[in-house]
Every structure is written in structure tokens, then in C-alpha cells.
Asker: 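I have a structure here, written as C-alpha cells, and I will follow up with some questions on it.
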Amino acid sequence: MIKVIKITKYGCIHLTSKINYDVCWIYIGPAYWIKEYPIIKRHGKNWIASRFVWFIFTGRDYYGKEVHHKCKIRNCVNPMYLEELTAKKHRKFHNNN
């Protein structure tokens with residue numbers, strides 16, 4: 001089962017069903033897309049949707065870090081499937097897979 005979410009222009013997150021952290025939450029809301037990543041404008045700046053959700057759930061804007069999708073699905077925004085990595089570790093991870 002895959003969740004589908006939308007993020008309003010005010011930054012509110014809307015899930016289509018009950019929260020289940022064991023599945024991907026696929027972002028389908030309004031956005032423009034770059035390399036399969038949904039880009040949204042919230043709080044006066046452009047965000048990759050998964051980074052915005054990471055910020056909402058953790059309170060960290062991770063300057064100098066990247067958000068890695070452990071599930072390998074670029075439009076997944078489930079915070080349990082995301083992790084903070086340095087750019088160097090992120091590249092190393094992807095070069096080994």
C-alpha cells in the first residue's frame with residue numbers, strides 16, 4: 001500500500017488515509033518536477049517536497065546536508081524513509097549501488 005500526500009500552499013500536509021510509517025508516501029500535489037523530484041514553493045523558497053517534509057518533521061533545515069531516500073523513490077516523502085547525509089556520503093552511497 002502506498003500513501004498519497006499533498007502539501008498545501010500554506011505548508012499543511014494532507015494524507016489520503018491513516019498515517020502508516022511502513023509504506024512510501026508518494027507526493028502528488030501541485031509542483032514542478034526536476035529529475036523526478038517534486039519541487040514546491042513554501043515559506044518563501046523552493047523546496048524538494050521530501051526536504052520540506054523532513055524540515056516539518058525534524059525542524060532541521062540541514063544546511064550542507066542532503067536528504068537521502070532509503071526507499072529509492074524520489075517522490076516519496078515519508079520521513080521514516082529519509083535520512084540526512086553529507087554530500088560526500090550521499091555520493092558514495094549511490095556510487096556503490
Side-chain angles (χ1 to χ4, degrees):
M1 179 170 67
I2 295 178
K3 299 289 177 197
V4 178
I5 85 159
K6 295 180 182 180
I7 302 171
T8 70
K9 66 181 180 178
Y10 302 108
C12 297
I13 297 171
H14 292 276
L15 295 163
T16 58
S17 59
K18 291 182 181 179
I19 293 177
N20 181 349
Y21 288 100
D22 297 326
V23 297
C24 286
W25 299 354
I26 302 302
Y27 181 78
I28 62 158
Y32 66 91
W33 298 76
I34 297 176
K35 297 182 181 178
E36 300 177 39
Y37 290 101
I39 310 296
I40 60 175
K41 185 166 187 161
R42 301 297 180 274
H43 302 296
K45 71 183 227 180
N46 290 328
W47 299 76
I48 295 175
S50 56
R51 290 181 181 185
F52 182 76
V53 172
W54 179 260
F55 172 71
I56 294 300
F57 276 79
T58 67
R60 293 192 307 266
D61 198 1
Y62 66 87
Y63 290 109
K65 301 258 180 140
E66 297 179 3
V67 173
H68 170 66
H69 294 83
K70 294 185 272 186
C71 60
K72 299 181 182 175
I73 299 173
R74 291 180 175 185
N75 60 336
C76 175
V77 295
N78 181 340
M80 301 305 288
Y81 286 20
L82 305 172
E83 65 181 333
E84 259 179 354
L85 295 176
T86 64
K88 184 177 179 179
K89 286 182 181 180
H90 201 193
R91 281 191 307 275
K92 184 177 179 182
F93 179 85
H94 284 286
N95 289 336
N96 290 334
N97 289 320

Asker: Could you tell me which residues satisfy salt bridge (Lys or Arg N to Asp or Glu O under 4.0 Å) with Lys45, sequence neighbours excluded, listed by chain and number?
Answerer: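 Applying salt bridge (Lys or Arg N to Asp or Glu O under 4.0 Å) to Lys45 gives Asp61.
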Asker: Within a strict 4.5 Å, meaning less than it, do heavy atoms of the Lys65 and Thr86 side chains meet?
Answerer: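 Lys65 reaches Thr86 side chain to side chain.
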Asker: Starting at CZ of Arg51, measure out to CG of Asn46 and round the result to the nearest 0.5 Å.
Answerer: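 It is 12.0 Å, given to the nearest 0.5 Å.
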Asker: What's the shortest heavy-atom distance between Trp33 and Asn75, and which atoms?
Answerer: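 Trp33 and Asn75 have their closest heavy atoms at CZ3-CB, 3.8 Å.
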Asker: Heavy-atom count around Lys70 NZ within 6.0 Å, excluding the residue itself: above 12?
Answerer: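 Counting other residues, nucleotides and ligands, NZ of Lys70 exceeds 12 neighbours.
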Asker: Compare every heavy atom of Ser50 with every heavy atom of Cys76, then report the nearest pair and how far apart it is.
Answerer: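 Here Cys76 and Ser50 meet closest at O-CB, 3.6 Å.
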Asker: Okay, side chain of His90, backbone of His68: is any donor-acceptor separation there less than 3.5 Å?
Answerer: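 Pair absent, no side-chain N/O of His90 close to backbone of His68.
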Asker: Roughly how far, to the nearest 0.5 Å, is CD1 of Ile39 from OH of Tyr32?
Answerer: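 With rounding to 0.5 Å, OH (Tyr32) is 5.5 Å from CD1 (Ile39).
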Asker: Whether the side chain of Arg74 engages the backbone of Lys35 through a donor-acceptor N/O pair (distance < 3.5 Å, no angle test) should be reported.
Answerer: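 Such a contact is found between Arg74 side chain and Lys35 backbone.
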Asker: Grab the two heavy atoms, one from Ile73 and one from Cys24, that are nearest each other, plus how far apart they are.
Answerer: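 Looking at all heavy atoms of both residues, the shortest contact is CD1-SG, 3.5 Å.
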Asker: Determine, using the 4.5 Å side-chain heavy-atom cutoff (strictly less than), whether Ile56 and Tyr27 are members of one ILVMFWY cluster.
Answerer: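 As far as the 4.5 Å side-chain criterion goes, Tyr27 and Ile56 are connected within one cluster.
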Asker: Classify the ring geometry of Phe52 against Trp47: parallel below 30°, tilted from 30° to 60°, perpendicular beyond 60°.
Answerer: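 Ring orientation, 0 to 90° scale: perpendicular.
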Asker: List in chain and number order the residues that pass side chain to side chain contact (heavy atoms under 4.5 Å, CB included) with Tyr21, two or more places apart in sequence or in another chain; answer none if no residue qualifies.
Answerer: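 Once residues adjacent in sequence are excluded, the partners of Tyr21 under the side chain to side chain contact (heavy atoms under 4.5 Å, CB included) criterion are Ile19, Trp25, Phe57, Asn78, Pro79, Met80.
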Asker: Donor-acceptor check, side chain of Tyr81 to backbone of Val23, threshold 3.5 angstrom: yes or no?
Answerer: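 Here the side-chain-to-backbone pair exists.
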Asker: Could you see if Leu85 belongs to whatever hydrophobic cluster contains Trp54? Use Ile, Leu, Val, Met, Phe, Trp, Tyr and a side-chain cutoff under 4.5 Å.
Answerer: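 In one cluster with Leu85: Trp54, no.
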Asker: I'd like to check His69 versus Leu82 (side-chain heavy atoms, cut-off strictly below 4.5 Å). Are they in contact?
Answerer: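 Heavy-atom side-chain distance check passes, below 4.5 Å.
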Asker: Taking all heavy atoms of Ala49 and all of Val77, pick out the closest pair and write down the distance.
Answerer: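 Smallest interatomic distance, heavy atoms only, reads C-CG1, 3.8 Å.
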